[in-house]
Structures are given as C-alpha cells and as structure tokens.
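Please read the structure below before turning to the comments.
All values reported here derive from a predicted model rather than from experimental measurement.
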Amino acid sequence: MKAIIPVAGMGARLRPHTHTQPKSLVPIAGKAILGHIIERLQEAGITKFVLVVGYLGEKIMHYVQRKYPNLEMEFVVQQPREGLGHALWTARETFKNEKEVLIQLGDTIVDVNMEAILASDQTVLAVKKVKVPTMFGITELGQDAYITKVVEKPKIPKSNLALVGLYKINNPKGLAEALEYIIAQDIRTQNEYHLTDALMHMIQNGEPMLTYDVDNWFDCGRKETLLHANATLLNRPEFKHTNYPEFPNTIIIPPVSIGKDAQISNSIIGPNVAIGERAILNYTIVRDSIIGGYSELAYAVLQESLVGSDSALKGQSQRLNIGDSTEIDFSS
C-alpha cells in the first residue's frame, strides 16, 4: 500500500522553531516527528511513500533521503499552499490508480492498531473524542455506525468525534474525483480547500465510511502537545532502562533520550527529556523538555522547555559568602 504524508505547512504555532525547519522535522523522543510516522508505517507494512512538500521542502527531502535511503519515495511540491484538500489534489496523480491508500498528516502521531485499519475492506477515518469539537474536523454517525457527515470546525457540533489526521481510503479514484470537484467548484472552508469537504462529497455519492478509535493522538503543532507527545513516547518500554552512558557528576532520571556524542557533566537530567546529538550540557538541571542537537546549555534550570538546534543558553554562576540572618532574592 502507498502512504501519502502532507508536510507542506509552515507550522506557525511552533515558531520560532519553524522559522528554520519544517514542523515535521522538529525532534521528539530522539527523532523527528516525521521519522516516528515513517517508521510506524513501515512496521505496519507500508512500502511506498508520497510526501507533499512546500515550506522548506528541500530540508524534508534531504532528511528522508539521508535517513531512509532504501524507501520507495516520491515528492510532490504544493505551491501555493491552500489547505489539506489542495495538498492531496496536488498529489492526486500519485494515488488515483491505487487500489487503496493511507493518508497521515505529517505533524500527527497516533497510537492505534494500524494493522487493523489497513486490513479493513472499507474506508476508515481514525477518530478520537474531544472536549472542544469546534476546533477540529468532526464526524457524525448514523444508527448503523457508518459516517453520515464530516464537517470542518463546526460552529454548532453535533458530535465530539474528531478526525485525528489518519485516513485509510478504499476508493482512491473516488477521492481524486472528489478533490477535483471541490477545486473546480471552488468549495472552501475558512478560505481553504479541506479534505473534509472532499470526503463529504464522497459520502453523498454513496461511499461507505467507518470510524476507528485511536488510543492516543498528538497534534504536534503546538508546544504543549509536542512536550506531551515527547513524554508519552519516552515512557514506552524502550526508553525505560538505566543503561545510559556514564557522565561525570551527573544524575539521569529516566525516561530520557540522549543523542549520539552528547556531552553532559555536573547536571541532573530528567525525567521526560530528549537531548539531541552532540549537545553540550554543563551545570544544568532539566526536566520535561526537548533540547535540540548541537545546542549548548550551562548554568541553566529548565522545565517544560523547547531549545532549538545550534542554540546556546548560559545562565549565571555565583560564588557567595553569606553571613547569619541574611536573605538574598535573585527572583526579581
């Protein structure tokens, strides 16, 4: 089966990190978001990939070609960028003649039985119940459990089943035709061409669609959800070990991911910390954070923080001789 991964977005909610790299390459739990997605799909048996690139697309191409040189990979450039529906319309020639196709957004990580979704003989839209459905694409179900309606960010939602960005399409030709329809008719929502409108067109033409509940869903487009995803991934069994390298005068509190050739000394690291390759940390206390590769931290205390690659943070170091009945406050 072929997987389509749209990764053309600018990632405005993750600035300043996305000023210099696409959000799909932001690291969590030791590898880029896109790396987690590709490897999970490989495990499920996906062998062919199409990446729809745009903003800083050359960096995504370089990353994939360097990390996964043996993959069968196609790249499609979305220009201009006018929504997810437009991204898939741009790539329609790569999948419209397939028997079935999987679509996963390039900033979304899900915990789900991927093999069960791929084995379905009908179109499946992965969903998760949410508290604020007005922020998401929403599915409505009929009494027979088939989807009767999909709508993007409804003002008055009639369901709380949100689309999580994973779609197994059993009729790629029908999807391509639906995408061509919404483009030709200029059907936009919030001034963009949305996949939900194309899916709704397919439903109206009789395409049966089912939902599949995911266990966990991380929209990694914001700092808070990115750190939550990092902590969740780090708490998987492969990170819950104590065989970390020996670092001088340093305490490691698992789970922690430490990149190749990182230099750490006189520090307390963890829990829930991912450190990139060749980062240097000295006299640093850090927890619940992501530290980019080639960055340098000294005399720093961090929590719930994102530090980009090639960054430097140096705090203050004091040497004090304090007498009795003295109060010193550095907080202001």
Side-chain angles (χ1 to χ4, degrees), residues 11 14-40 59 62-63 66-68 107 109 218 220 222-320 328 330-331:
L14 270 179
R15 289 174 178 164
H17 302 278
T18 50
H19 282 310
T20 55
Q21 65 178 336
K23 63 180 174 180
S24 61
L25 297 189
V26 172
I28 60 172
K31 69 185 71 167
I33 295 168
L34 181 58
H36 287 283
I37 293 171
I38 288 174
E39 290 176 20
R40 178 65 186 92
K59 289 195 173 185
H62 176 73
Y63 169 82
R66 178 171 55 89
K67 288 285 188 179
Y68 308 101
D107 60 355
I109 293 177
F218 305 106
C220 298
R222 295 183 291 114
K223 172 193 168 188
E224 294 77 14
T225 51
L226 190 71
L227 290 175
H228 185 201
N230 183 63
T232 301
L233 293 173
L234 286 175
N235 275 275
R236 289 179 173 175
E238 58 263 36
F239 291 104
K240 287 190 171 182
H241 61 75
T242 55
N243 298 321
Y244 297 104
E246 290 290 334
F247 297 108
N249 300 319
T250 293
I251 298 173
I252 304 293
I253 305 172
V256 169
S257 169
I258 300 175
K260 182 180 178 182
D261 296 327
Q263 300 177 41
I264 304 174
S265 56
N266 308 304
S267 297
I268 301 175
I269 309 298
N272 303 325
V273 174
I275 298 173
E277 62 182 5
R278 302 201 177 189
I280 300 173
L281 283 73
N282 189 27
Y283 290 103
T284 294
I285 300 173
V286 58
R287 62 175 297 159
D288 301 305
S289 298
I290 299 173
I291 310 301
Y294 297 87
S295 56
E296 183 174 355
L297 278 64
Y299 300 102
V301 179
L302 297 176
Q303 61 181 353
E304 298 178 357
S305 298
L306 296 178
V307 177
S309 300
D310 299 298
S311 299
L313 171 63
K314 296 185 179 180
Q316 293 182 333
S317 174
Q318 293 91 16
R319 180 173 295 175
L320 303 175
I328 297 176
F330 290 114
S331 62

Residues in side-chain contact (heavy atoms from CB on, under 4.5 Å) with Tyr283, at least two apart?
-> Asn266, Tyr299
Rounded to the nearest 0.5 Å, what separation is found between the OG atom of Ser267 and the CD1 atom of Ile285?
-> 8.0 Å
Rounded to the nearest 0.5 Å, what separation is found between the CG atom of Leu297 and the NZ atom of Lys314?
-> 10.5 Å
4.5 Å side-chain heavy-atom contact, Ile291 and Thr284 | no
By salt bridge (charged side-chain N to carboxylate O under 4.0 Å, His left out), Asp261 pairs with (sequence neighbours left out) Arg278
Would Ile258 and Phe247 satisfy side chain to side chain contact (heavy atoms under 4.5 Å, CB included), going step by step from the backbone distance to the final call?
-> CA-CA 11 Å; Ile258 300 175; Phe247 297 108; 3.7 Å; yes
Decide side chain to side chain contact (heavy atoms under 4.5 Å, CB included) for Thr250 and Leu281; before the verdict, give the C-alpha distance in whole Å, the side-chain angles of both, and the deciding distance to 0.1 Å.
-> CA-CA 10 Å; Thr250 293; Leu281 283 73; over 6 Å; no
Main-chain N/O of Gly292 paired to Ser295 side chain as donor or acceptor, under 3.5 Å = yes
By side-chain contact (heavy atoms from CB on, under 4.5 Å) - contacts of Leu227 (at least two apart) = Lys223, Ile290, Glu304, Leu306
Compare every heavy atom of Ala231 with every heavy atom of Asn235, then report the nearest pair and how far apart it is.
-> ND2-O, 2.7 Å
Which pair of heavy atoms, one from Tyr244 and one from Pro254, lies closest together, and at what distance?
-> OH-CB, 3.7 Å
Determine the minimum heavy-atom distance between Ala32 and Tyr63, stating which atoms define it.
-> CB-OH, 3.6 Å
Test item: Leu234 and Ser257 side chains (from C-beta on) under 4.5 Å apart, heavy atoms | yes
Shortest non-hydrogen separation from Ile37 to Asp107 and the atoms involved | CD1-N, 4.4 Å
For His36, what residues pass the side-chain contact (heavy atoms from CB on, under 4.5 Å) criterion, not counting sequence neighbours?
-> Ile28, Ala29, Lys31, Ile109, Leu233
Pairwise salt bridge (charged side-chain N to carboxylate O under 4.0 Å, His left out) hits with a residue in residues 243-255, at least two apart = none
Do you know the tightest heavy-atom contact between Ser289 and Ser305?
-> OG-N, 3.0 Å
Could you walk me through whether Leu226 and Ile33 pass the side chain to side chain contact (heavy atoms under 4.5 Å, CB included) test, one step at a time?
-> CA-CA 9 Å; Leu226 190 71; Ile33 295 168; 3.8 Å; yes
Who passes side chain to side chain donor-acceptor pair (under 3.5 Å) against Asn230, sequence neighbours left out?
-> none
